[in-house]
Amino acid sequence: MIRQIRGTVTSQDAFSAVIDVHGLGFEVRSATPLSVGIGEEVTIATHLAIKQDGVELYGFPTEDDRDFFELILSVPGIGPKTALNVLRRAPREALHGALAARDLTYLTKVVGLGKKSAEKMILELADKVGERTHDDQDAEVFDTLVALGYTEREARKAIQGIPATVVGKDARLKASLSARP
């Protein structure tokens, strides 16, 4: 199992990068763009997925992010692509809190999971993630954006674009409204 790689970024796009490790170029898929530029050295935690049609390497900025990805993968019927899409739509801490609080609304509206998938994730993971405080502010921001005329897809995209440093329902709503094209 490949758990970590360190090398030089040779190319990258929004959700993948090629990392040169002593002459071997590894394509690494990720939930977020790498925080370094082309030509810079990076160390990332990885998960190797072996499937019938090939091998894929998924990369994460921290071991905690990788471990949470693997926790999502433990849910029957959830594969690496779905788990990565979940992490693209909401920060790990928010997902962790939503699962601990058994917040079906957050998982279906903000993250965009289907009701059955969200229920399955809650059933499988709520006890595993432990207790955490959960702030339902993004679900409220989502509802407000939809009430203002956003489609559900536009509302999800606007919430994804809010920096993690913006806290509080009103501040997050203002940030999401200012990001509308």
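FYI, side chains are in, hydrogens and waters are out, and symmetry mates aren't considered; it's all heavy atoms of this structure.
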Looking at [X] and [Y], would you say the former's side chain and the latter's main chain have a donor-acceptor pair under 3.5 Å?
{"X": "Gln12", "Y": "Val36", "result": "yes"}
{"X": "Arg6", "Y": "Thr43", "result": "no"}
{"X": "Glu154", "Y": "Thr151", "result": "yes"}
{"X": "Thr10", "Y": "Val18", "result": "yes"}
{"X": "Ser117", "Y": "Leu113", "result": "no"}
{"X": "Ser30", "Y": "Pro33", "result": "no"}

Hydrophobic cluster identity match, [X] and [Y], side-chain contacts under 4.5 Å:
{"X": "Phe60", "Y": "Val42", "result": "no"}
{"X": "Leu34", "Y": "Leu24", "result": "yes"}
{"X": "Phe68", "Y": "Ile44", "result": "no"}
{"X": "Leu107", "Y": "Leu123", "result": "no"}
{"X": "Phe142", "Y": "Leu177", "result": "yes"}

Can you give me the closest heavy-atom contact between [X] and [Y], atom names plus distance?
{"X": "Val75", "Y": "Glu124", "answer": "CG2-CB, 3.9 Å"}
{"X": "Ile2", "Y": "Ile5", "answer": "CG2-CG2, 3.6 Å"}
{"X": "Thr108", "Y": "Ala118", "answer": "CG2-CB, 3.8 Å"}
{"X": "Lys128", "Y": "Ser74", "answer": "NZ-OG, 3.9 Å"}
{"X": "Gly112", "Y": "Arg89", "answer": "CA-NH1, 3.7 Å"}

Output the distance between atom [atom1] ([X]) and atom [atom2] ([Y]), rounded to the nearest 0.5 Å.
{"X": "Asp64", "Y": "Glu93", "atom1": "CG", "atom2": "CD", "value": "8.5 Å"}
{"X": "Phe69", "Y": "Tyr58", "atom1": "CZ", "atom2": "OH", "value": "6.0 Å"}
{"X": "Ile72", "Y": "Asp67", "atom1": "CD1", "atom2": "CG", "value": "11.5 Å"}
{"X": "Tyr150", "Y": "Leu148", "atom1": "OH", "atom2": "CG", "value": "7.5 Å"}
{"X": "Leu84", "Y": "His47", "atom1": "CG", "atom2": "NE2", "value": "10.5 Å"}
{"X": "Glu56", "Y": "Thr46", "atom1": "CD", "atom2": "OG1", "value": "13.5 Å"}

**Study point:** Within 45° cone of Phe15 ring axis and under 6.0 Å: Arg88 NZ or CZ
**Key:** yes

Check your understanding: Would you say Gln4 has more than 12 foreign heavy atoms packed within less than 6.0 Å of its CD?
Key -> yes

Exercise for review: Please test Glu70 against Arg3 for salt bridge (charged side-chain N to carboxylate O under 4.0 Å, His left out), starting from the C-alpha separation and ending with a verdict.
Suggested key: CA-CA 12 Å; Glu70 291 171 344; Arg3 301 298 284 165; 2.5 Å; yes

So, do [X] and [Y] sit near enough that their side-chain heavy atoms are less than 4.5 Å apart?
{"X": "Glu40", "Y": "Thr8", "answer": "no"}
{"X": "Arg29", "Y": "Pro80", "answer": "no"}
{"X": "Ser176", "Y": "Leu145", "answer": "yes"}
{"X": "Asp65", "Y": "Thr62", "answer": "yes"}
{"X": "Leu104", "Y": "Glu119", "answer": "yes"}

Review point. Leu95 pairs by side-chain contact (heavy atoms from CB on, under 4.5 Å) with which of Asp103, Val129, Leu125, Leu87?
Key: Leu87

Exercise for review: Verify salt bridge (charged side-chain N to carboxylate O under 4.0 Å, His left out) between Asp127 and Arg102, making sure each step is shown before the conclusion.
Suggested key: CA-CA 10 Å; Asp127 294 333; Arg102 301 175 188 269; 2.8 Å; yes

Review point. Do Asn85 and Thr82 have side-chain atoms, one donor and one acceptor, less than 3.5 Å apart?
Key: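 Side chains of Asn85 and Thr82: no pair found under 3.5 Å.
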
